[in-house]
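Some notes on the structure that comes next.
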Number of protein chains: 2
Amino acid sequence: MSTNLLLEKQLCFRLYSLNKLMCRLYAPILKDLDLTYPQYLAMLVLWQNMKGISVKDLGNQLDLDSGTLSPLLKRMEARGLLIRVRQSSDERVVIIKLTKEGKALKQSAEHIPGEMFAVTGLTPEKLFSLNQDLDQLMANING
Amino acid sequence: MSTNLLLEKQLCFRLYSLNKLMCRLYAPILKDLDLTYPQYLAMLVLWQNMKGISVKDLGNQLDLDSGTLSPLLKRMEARGLLIRVRQSSDERVVIIKLTKEGKALKQSAEHIPGEMFAVTGLTPEKLFSLNQDLDQLMANING
DNA sequence: TGAAATTTAATTGCGCACAACTCATTTTTT
DNA sequence: AAAAAATGAGTTGTGCGCAATTAAATTTCA
């Protein structure tokens, strides 16, 4: 009478719990920047695309669809972090461009990765191999 | 001019993406049982506590507070999976008990863990060590 | 004993995440 | 060129996840 339906055995539950834990760790730090966790992830992409990026390409990098991104970007626009511009060569495409304020916020965020790395209590090598394992898992699943 | 603010470097983004990916993998399978992913996680705990469990203890195991659990359990009660009973020895406590239907659903879920394991493309040893690494990370963070 | 503090669950409000759908624009096909 | 298909973004509705608050019951302790 054995079962595999045990919470402690589930990889999925560990990912679920750790993701929530990460959100909670970031929340107080991001509050100083007036950003939510998903907004911070979006800013990481936008800081790498200072010339602008389409909603579609942003969604591909974040693995999010327009149903999530549209209202999220609307809120970020309302906070003055970015603007939306229709692409004249293809009117369907909306380009997201950071404002001065959005670009400037990068400086205030530079300390975050180091701070979070410290919290993980991992060696750089261990972090690297864990990242690799997770990438492998993702690749297997998306196979 | 190097920065650590790169999405691809972030452990947190991998956990965020993999968790969403897991949800999407489970969704179609759980749809057959008319369960959402968080409801499935709750059922895992309830199937291990057939005599009943308090909302507080359930929340401790799932790492969820009553703000999330109360409406979730309400929906599951409406679906006929469980009932809520006030504990007579301490009227603050609400005990969650599975109905016959809730208990019976376990049989229909027995195939899920094996199916999901196959999708990960991991060896049993690799899965075990990944689970260990994630447990270690969680322990480090929770200090 | 009686007031204060604690505990437990529920409620409210907000921001994702996503399915399903709409709408406008562009591309493909015939 | 006209019809059909595909594409990109937005809207609607549902279900979490969590902070903040409320309300009731219990425990603490002055």
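Letters A, B, ... mirror the listed sequences (proteins, then strands); counts begin at 1. Just so we're clear, the structure is a prediction, and the values are computed from it rather than from any experiment. The figures here come from the full heavy-atom set of this structure, side chains too, leaving out hydrogens, waters and symmetry mates.
Across the protein-nucleic acid pair, B/Asp90 atom CG and D/dT26 atom P stand 5 Å apart, rounded to whole Å. Spacing between atom CG of B/Leu62 and atom C1' of D/dC16 amounts to 13 Å, rounded to whole angstrom units. Atom CD1 in A/Ile53 sits about 14 Å away from atom C1' in D/dG8, given to the nearest Å. The distance from atom OH of A/Tyr26 to atom P of D/dA19 is 17 Å, rounded to the nearest whole Å. The separation between B/Leu30 atom CG and D/dG15 atom P is 15 Å, rounded to whole Å. Following rounding to the nearest Å, A/Leu15 (CG) and D/dG17 (P) show an atom-to-atom distance of 14 Å.
For B/Glu110 and A/Thr3, the side-chain atoms include at least one donor-acceptor pair closer than 3.5 Å.
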Report task. Would you give a per-nucleotide map of nucleotides 9-21 of chain C, 5' to 3', where B means the base has a protein non-hydrogen atom under 4.0 Å away, S means only the sugar-phosphate does, and - means neither? Result -> BBB---SSBB---
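Looking at heavy atoms from C-beta onward, B/Leu81 lies in side-chain contact with B/Leu35 at the 4.5 angstrom threshold. For the pair B/Lys97 and B/Ile95, the minimum side-chain heavy-atom distance is below 4.5 Å.
Applying the side chain to side chain donor-acceptor pair (under 3.5 Å) criterion to A/Arg86, with sequence neighbours excluded, gives no partner residue.
Note: A/Tyr40 and A/Trp47 have perpendicular aromatic rings, judged against thresholds of 30 and 60 degrees for the angle between ring planes.
Salt bridge annotation for B/Asp63-A/Arg24: present, with a cationic side-chain nitrogen under 4.0 angstrom from a carboxylate oxygen.
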